[in-house]
Colleague: 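Structure incoming, see below.
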Amino acid sequence: MKKKKKDWYGVIRVLAAVALAFIIATIIIAIVAEDPATALHKFFLGPFSTKRNFFNVIESMIPLVFAALAINIMHKSGLFSMAADSAFYMAGVTAASIAIGCKLPAGVHQVVIILAGALVGGLIGLIPVLIKKFCGANELVVSLMMGYLFFNFGYWLIREFFIDIANGSYSVKFEKTASLGKMIQGTNTHYGVLIMIVAVILVWILMDKSKFGRELKITGANRRFAKYAGINVGGVIVGSQFVGGAVAGAGGAVEMIGMYSKFEWIISVSYVWDGILINLLASTKPLFIPLAAFFISYIRVGATVMSRGGDVDAEIVSVIQGIIILLVASERFLYTMKKRQEEKEALENQLIEDKKAEE
Amino acid sequence: MEMFLKLDFWFTVFRCATPVLFATMAAMIADRSGILNLGMEGAMAIASLSGVLASGFSGNLLVGGFVGLFCGTLFTMILAYFIMNMKANQVIAGIAMNLAASGGSIFALYSITGDKNTSNSIQSKAFPSVEIPVLKDIPVLGDILSGHNVLTYLAFILAIVLFIVLKKTKFGFKVRAVGESPEAAESVGIKVHRVRYQTMFLSGLLASFGGIYMSMGYINRWTAGMIAGRGYIALATNAMAAGNSLLGMFASLLYGFGSSIAIYLQNMNMDPYMVTMIPYLAIIVFYVLFSLYYRHKNKQHESL
């Protein structure tokens, strides 16, 4: 009973943050757009305007879900590593390399690609935590710089080995056997959706139902206590970074062979910020992540539809996302509401106890 | 290897070190008061864009510089408000602000000028380069140290000033006291909140100088993503400097060294992406080495 009330407070807070962000966005759009009514209509309802737009929401949700799952695992340890971006990009590079360079039968090809992507992602996820363990350098700083490093490194590899000379910036085409295949006719939505659902369930089991997940939660919440409880703290933390990196890597590989037929990531691909936001919105519960990712994907597609009109840039989404993160992360946002509720509860409890005492 | 013999190479080291030195000092002053200012990347982006826009529209360099500094500092003060008054996690809040700044700056440029990603239609002014009277006539040193942008000299002078302020002044003492133990500082009557707002203000101001140097110093154009992680690199150089801004100068020059190598190799027709890797790799390697050194030193200290 008591717990339920507390959860409601969390939900209201998130909804209020989202609402406030949308109000600010609406005001900005109203100022900037020449025809605010049309722009806002496109922004809020654009994803429902055509079948293609709607399924656009579904397919662009896939990398968001993978990124948020990765962040969920990696940050629960109490380490703020952003290595998921490097893992995602390098897994994409790995996927593209295998998709171009290896001749395997369909079915096997995709499985090999996704497993290789996960492995590369996992290894990259280990870099910041191992550097921290052995050298003491801050994982946040190292992982942020790794993002720039691996983007340049990965794209350089593609340019060096698989560049399409005629095009100059993209790679040559993947083997047909490597593609994940389109799931719904007339859209870009591919079978990665199913892999995404499997990933959500696996991460849910790992985090909420397994010994590893329990130990990780305790470690993240209170490292000293975890040590006294006999948990292998170092092992759990390092493990979480590997698994998180692997999830991001699998996501990178799925995105690469699901959405593309050649390597096209010529600017750095970043999903960690979205991952952090989605994980926050889902209040770090794996099962809520797809829901939160759908929402973020929805406003993204809405903004893209709106920007086709011409006068409002789609980047307004970043501002909305920033405001939501800022408010949700603020302990004091709607704090008085929480305090009032707690006071009320305390008073009720007091009354019940008084009654009991009278009896 | 012959590039190391060229004077131009060493000149470029100082040029590339400048924005990172500003940001390093920004990270340092916040850090010394106990705040991790992750918003420098965003502050630099905001300052660089608003500076270009203001100088382009007003046709006045100083107006541009002032507006750039104002916007970048305001941005940092908003972050400070959320960290201190709203009790937001400083890492998450910094990330949120940077996200809003990176997208918001592109959005603002497009809404105001119609330019996408690069401020082509704006004629911005740039801060001038200056020759230092006596220095410029000394053979090798003059070629390397004279003729830099005004802001480069400002950065290096401020690094010395910051060293003195932190070590010798009452304000510096308060900052360090708050950083080391806010409770103890509070108990002797230092207003922790006020000191932290002051350091965040200075931090924002310094980061904004780095920002306007990027878009109104060596070049006078704003491009999306032009800060390219310099605000994050400063976190590493600050950690390397361990609170000493003279060491921060040295750490920034190490970054400048990596960048200068990259620029030279690129001119020699090496793949641009392979070359761009170098400064980031260099800073990770140096950061790791410094961390090892500090860890070793602390261990020795403990065993005594």
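To find a chain, count down the sequence lines: A is the first, B the second, and so on, and within it residues start at 1.
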Colleague: Counting only non-hydrogen atoms closer than 4.5 Å, does A:Ile28 touch chain B with its backbone (N, CA, C, O), its side chain (CB onward), both, or neither?
Modeller: side chain
Colleague: For chain A, which of B:Ala93, B:Ala228, B:Ser102 has the most heavy-atom pairs under 4.5 Å?
Modeller: B:Ala228
Colleague: If you look at every heavy atom in A:Ser330 and B:Ala88, which pair is closest and at what distance?
Modeller: OG-CB, 3.6 Å
Colleague: Please classify the contact between A:Leu280 and chain B as side chain, backbone, both or neither, with a heavy-atom cut-off of under 4.5 Å.
Modeller: side chain
Colleague: Report which part of B:Val91 has an atom under 4.5 Å of a heavy atom belonging to chain A: side chain, backbone, both, or neither.
Modeller: side chain
Colleague: Using heavy-atom distances under 4.5 Å, tell me whether B:Ala239 contacts chain A through its side chain, its backbone, both, or neither.
Modeller: neither
Colleague: If only atom types and distance count, is the side chain of A:Tyr148 paired as donor or acceptor with the main-chain N or O of B:Gly229 below 3.5 Å?
Modeller: yes
Colleague: Which one, A:Ile131, A:Val319, A:Ile325, A:Leu149, leads in non-hydrogen pairs under 4.5 Å with chain B?
Modeller: A:Leu149
Colleague: Hey, could you give me the CG/CD1 distance between A:Leu144 and B:Ile95, rounded to the nearest 0.5 Å?
Modeller: 7.5 Å
Colleague: Does any heavy atom of chain A fall under 4.5 Å from the side chain of B:Glu41, the backbone, both, or neither of them?
Modeller: side chain
Colleague: Do you know which of A:Glu160, A:Met82, A:Met145 has the most heavy-atom pairs with chain B at a distance under 4.5 angstrom?
Modeller: A:Met145
Colleague: First locate atom CG of B:Leu38, then atom CZ of A:Phe80, and finally report the distance between them rounded to the nearest 0.5 Å.
Modeller: 10.0 Å
Colleague: Got a sec: does the CG of B:Asn269 have more than 12 other heavy atoms crowding it under 6.0 Å?
Modeller: no
Colleague: How long is the gap from OG on A:Ser318 to CG on B:Asn98, to the nearest 0.5 Å?
Modeller: 11.5 Å
Colleague: So for B:Asn89, is it side chain, backbone, both, or neither that comes closer than 4.5 Å to the heavy atoms of chain A?
Modeller: both
Colleague: How long is the gap from CG on B:Asn117 to CD on A:Glu315, to the nearest 0.5 Å?
Modeller: 7.5 Å
Colleague: Pick one of side chain, backbone, both or neither for A:Ile158, based on which atoms fall under 4.5 Å of a heavy atom in chain B.
Modeller: neither
Colleague: Taking atom NZ as the centre, does B:Lys116 end up with more than 12 heavy-atom neighbours from other residues, nucleotides or ligands that are less than 6.0 angstrom away?
Modeller: yes
Colleague: Which residue out of B:Asp271, B:Ile278, B:Leu289, B:Ile283 racks up the most heavy-atom pairs below 4.5 Å with chain A?
Modeller: B:Asp271
Colleague: Look up atom CG in A:Leu326 and atom CD1 in B:Ile78, then write down how far apart they are to the nearest 0.5 Å.
Modeller: 9.0 Å
Colleague: Is the shortest heavy-atom distance from the side chain of B:Leu281 to the side chain of A:Phe153 under 4.5 Å?
Modeller: no
Colleague: How about B:Tyr197: does its OH atom have over 12 heavy atoms from other parts shown lying under 6.0 Å from it?
Modeller: yes
Colleague: Is any side-chain heavy atom of B:Phe82 closer than 4.5 Å to one of A:Leu327?
Modeller: yes
Colleague: Could you have a look at A:Val32, A:Ile323, A:Ile316 and say which one has the most heavy-atom pairs with chain B under 4.5 angstrom?
Modeller: A:Ile316
Colleague: Measuring only between side-chain heavy atoms, which start at C-beta, is A:Met146 closer than 4.5 Å to B:Ile284?
Modeller: yes
Colleague: Considering only heavy atoms, which portion of A:Leu140 lies under 4.5 Å from any heavy atom of chain B: side chain, backbone, both, or neither?
Modeller: side chain
Colleague: Could you tell me whether B:His296 atom NE2 has more than 12 heavy atoms of other residues or ligands within 6.0 Å of it?
Modeller: no
Colleague: Using a 3.5 Å distance criterion without hydrogens, assess whether the side chain of B:Tyr287 forms a donor-acceptor pair with backbone atoms of A:Asn138.
Modeller: yes
Colleague: About how many Å separate CZ of B:Arg295 and CZ of A:Phe134, when rounded to the nearest 0.5 Å?
Modeller: 9.0 Å
Colleague: Just wondering, more than 12 heavy atoms not from B:Phe201 lying within 6.0 Å of its CZ?
Modeller: no
Colleague: I want to check something: taking the side chain as every heavy atom from C-beta on, are B:Leu99 and A:Ile276 in contact at a cut-off of under 4.5 Å?
Modeller: no
